[in-house]
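Have a look at the structure below before the remarks.
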Amino acid sequence: MLFIFYSIRTCRNICLSPLKFSIAMYSTEATSNVKKFSSAQKDLRLPDAKCFKSRTISPNVVTSADHWRTAQRVGAANNVIVQKDLYGNNEEEWQCMKLDSGNLGKHCFMLSKIRLTSLVVVTTMAGYVLAPGPFDLFTFAACSIGTGLVSATANTVNQFFEVPFDAQMSRTKNRVLVRGHLTPGHAAIFATVSGFSGLLLLYSEVNGLTAALGATNLILYTLIYTPMKRISILNTWIGSIVGAIPPLMGWTSCVGDVMSPDAWIMSGLLYAWQFPHFNALSWNLRPDYSRAGYRMMAVTNPKLCRKTALRYTVVLMGLCYLAPILNITNWWFAMMSTPLNAYFLYLAWQFHKHSDSKSSRKLFRFSLIHLPVLMVLMLVNKKEWHKKQEDTIHEEGKGSNIYAILTKVIPSVQF
């Protein structure tokens with residue numbers, strides 16, 4: 001019996017040894033190729049080799065590595081179309097934020113919205129030059145720098161609060177806080193330093209009234225305008241007030257007074273100009289504003305958006321005729337600004353009539369040209385009150401003593 005048992009086992013081993021060897025070779029090749037295929041699936045955004053468990057491949061069909069590679073290519077071709085969009089990028093969800101000191105200045109400029117801040121500074125300078133007071137270079141520079149710092153603070157705080165909403169808009173998704181180039185902590189530090197230094201500069205080197213106007217503008221923009229954008233369309237009117245205050249700051253920096261009606265002419269022009277400018281801009285951004293939840297006129301009340309742009313363009317033209325009446329400019333300003341304002345009114349009418357992307361884009365682009373040209377015309381045709389006053393003093397000085405001249409001049413000078 002023992003001889004028979006050992007004889008049967010020996011014969012079985014002899015007969016099955018080639019089959020075992022071939023199975024071992026197949027298993028080794030299959031395992032190595034499955035590993036290679038799994039790594040290839042990651043590049044193709046495919047699932048791992050478990051998806052092939054349901055497939056039964058006979059050893060009689062796959063007898064070599066070449067056959068396996070052929071099956072691999074066929075399987076990948078059949079599954080890549082179905083499964084290529086089911087899996088996202090294998091990117092890390094959390095990334096370490098590092099401050100790039102080399103681009104710190106660039107990022108701070110972007111945080112302050114440098115183009116908008118530059119426009120604010122230019123309108124402040126125009127208000128200073130238009131005022132009927134003596135030009136002092138140091139006060140002029142201090143007012144411009146201080147206003148620019150306060151504007152940078154307002155824009156920084158605005159972006160600080162609106163990061164989750166900016167991320168949903170195509171126009172704002174690349175801002176520095178959204179992209180992570182700067183952290184909210186960095187933005188808070190920058191806003192604190194620029195705001196404090198700007199208001200301190202205005203108060204110490206200009207006057208308290210200008211500093212108070214700057215602080216008022218900062219509060220209006222950050223605490224009223226910014227949250228109101230998601231509550232009511234009144235945010236547009238609040239934002240226009242914010243844009244109208246910088247020329248008034250320039251005026252008060254020069255003469256220290258805002259009680260005269262002529263002090264409000266340029267501010268009124270800026271206030272009226274912002275409605276056709278912003279309403280035309282927001283018209284083509286309605287999908288973005290809707291997605292982010294902003295309640296703009298172009299989104300909630302398109303008809304009112306078009307009417308408001310047209311109405312305030314008419315108001316702007318009327319203010320240009322009021323300027324020579326208040327002796328701010330001569331009548332040449334009214335004549336020279338008429339063609340400019342008439343074309344602006346025509347574009348606003350086209351926007352009101354057609355209400356399409358083309359007309360709104362034309363109105364917005366021309367508004368960028370209209371404002372600087374209008375301010376230049378206003379400054380060129382300014383009535384030289386201070387120069388005339390000096391000429392009068394000079395003529396009176398020929399036949400009178402210095403004491404009499406000073407007694408006439410000092411009461412009329414505003415500090």
Side-chain angles (χ1 to χ4, degrees), residues 113 115-116 119-120 122-123 126 158 169-172 220-221 224-226 228-247 264-323 334 337-375 377-378:
K113 299 180 184 178
R115 289 187 294 181
L116 179 58
L119 178 62
V120 171
V122 168
T123 56
N158 174 264
M169 299 176 61
S170 300
R171 188 172 65 98
T172 57
L220 280 176
Y221 191 78
I224 299 179
Y225 168 73
T226 297
M228 190 173 286
K229 289 165 66 176
R230 302 181 59 80
I231 299 173
S232 171
I233 62 173
L234 291 177
N235 70 81
T236 306
W237 279 266
I238 300 298
S240 296
I241 294 175
V242 172
I245 289 179
W264 298 85
I265 287 294
M266 182 169 281
S267 295
L269 290 174
L270 262 294
Y271 178 81
W273 172 84
Q274 289 177 87
F275 286 95
H277 168 76
F278 180 74
N279 287 10
L281 170 66
S282 62
W283 188 261
N284 290 328
L285 298 175
R286 286 176 293 173
D288 269 1
Y289 284 126
S290 297
R291 186 163 51 249
Y294 290 125
R295 298 186 63 82
M296 300 298 179
M297 272 191 288
V299 176
T300 61
N301 197 336
K303 184 178 180 180
L304 180 63
C305 175
R306 301 190 304 268
K307 284 186 176 180
T308 304
L310 181 62
R311 290 170 181 171
Y312 278 95
T313 309
V314 177
V315 172
L316 192 149
M317 178 177 284
L319 289 174
C320 289
Y321 290 112
L322 186 61
S337 63
T338 298
L340 185 71
N341 293 328
Y343 186 66
F344 199 30
L345 181 60
Y346 168 76
L347 292 179
W349 169 253
Q350 291 293 318
F351 172 58
H352 177 267
K353 181 180 179 181
H354 298 290
S355 307
D356 56 4
S357 299
K358 183 179 179 181
S359 59
S360 63
R361 193 175 294 110
K362 283 185 177 180
L363 179 61
F364 170 72
R365 289 175 178 173
F366 186 75
S367 68
L368 299 176
I369 302 173
H370 177 273
L371 182 62
V373 173
L374 189 67
M375 288 195 300
L377 290 177
M378 200 170 192

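Hydrogens, waters and symmetry mates are skipped; everything else that's a heavy atom, side chains included, is used. Position 1 is the first residue of the sequence, and the numbers go up from there.
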Item to check | Minimum side-chain heavy-atom gap T308-T236 below 4.5 Å | outcome: no
Checklist outcome for this item: Heavy atoms of Q274 and S240 approach each other most closely as NE2-O, 2.8 Å
Checklist entry - Do L304 and I233 come close enough that some side-chain heavy atom pair is under 4.5 Å? => result yes
Next on the checklist: Counting only heavy atoms from other residues, nucleotides and ligands, does the tally under 6.0 Å from CH2 of W237 exceed 12?
Outcome noted: yes
Checklist entry - Which atom pair, heavy atoms only, marks the closest approach of S367 to H277? => result OG-ND1, 2.9 Å
Checklist entry - Can you name the closest pair of heavy atoms from M317 and A342 and give their distance? => result CE-N, 3.4 Å
Item to check | Value rounded to 0.5 Å, distance of CG in L345 from NE2 in H352 | outcome: 11.5 Å
Item to check | R295 CZ to R230 CZ distance, which is reported to the nearest 0.5 Å | outcome: 10.5 Å
Checklist entry - Could you go step by step and tell me if I265 and M378 meet the side chain to side chain contact (heavy atoms under 4.5 Å, CB included) rule? => result CA-CA 11 Å; I265 287 294; M378 200 170 192; 3.4 Å; yes
Checklist entry - Can you tell me how far the CG atom of L269 sits from the CE atom of M375, to the nearest 0.5 Å? => result 10.0 Å
Checklist entry - Of all heavy-atom pairs between R286 and A298, which one has the smallest distance, and what is that distance? => result CD-O, 3.0 Å
Checklist outcome for this item: Rounded to the nearest 0.5 angstrom, the CG-OG distance for D288 and S282 is 11.5 Å
Checklist entry - Would Y321 and T338 satisfy side-chain hydrogen bond (donor to acceptor under 3.5 Å, both in side chains), going step by step from the backbone distance to the final call? => result CA-CA 9 Å; Y321 290 112; T338 298; 2.7 Å; yes
Item to check | Distance-minimising heavy-atom pair for A348 and T313 | outcome: CB-OG1, 3.6 Å
Item to check | Shortest non-hydrogen separation from N235 to S232 and the atoms involved | outcome: ND2-O, 2.5 Å
Checklist entry - Just by distance, do the side chain of T226 and the backbone of N158 share a donor-acceptor pair under 3.5 Å? => result no
Checklist entry - Can you check side chain to side chain contact (heavy atoms under 4.5 Å, CB included) on Y289 and K229, steps first, answer last? => result CA-CA 10 Å; Y289 284 126; K229 289 165 66 176; 5.7 Å; no
Next on the checklist: Does any part of the side chain of V373, heavy atoms only, come nearer than 4.5 Å to the side chain of I369, both counted from C-beta?
Outcome noted: yes
Item to check | Straight-line distance of L281 CG to R365 CZ, nearest 0.5 Å | outcome: 11.5 Å
Checklist entry - Taking side chain as C-beta onward, heavy atoms only, is R306 less than 4.5 Å from N279? => result no
Next on the checklist: Is there a side-chain contact between F364 and R361 in this structure, where contact means two heavy atoms from C-beta onward sitting under 4.5 Å apart?
Outcome noted: no
Checklist entry - For the side chain of N301 and the backbone of M297, is there at least one donor-acceptor N/O pair under 3.5 Å apart? => result no
Item to check | Between CG on residue L363 and OH on residue Y343, distance to nearest 0.5 Å | outcome: 10.0 Å
Next on the checklist: Taking the six-membered ring for Trp, are W283 and F351 closer than 6.0 Å centroid to centroid?
Outcome noted: yes
Item to check | With F275, the ring pair (Phe, Tyr, Trp, His ring centres under 6.0 Å) member among F278, W273, Y271 | outcome: Y271
Next on the checklist: Less than 4.5 Å apart, side chain to side chain, heavy atoms only: is that true for M296 and C305?
Outcome noted: no
Checklist entry - Are any non-hydrogen side-chain atoms of L319 and M266 less than 4.5 angstrom apart? => result no
Checklist entry - Just wondering, do C320 and L374 contact through their side chains at under 4.5 Å, heavy atoms? => result yes
Item to check | Any side-chain donor near an acceptor of the partner, D356 and S359, under 3.5 Å | outcome: yes
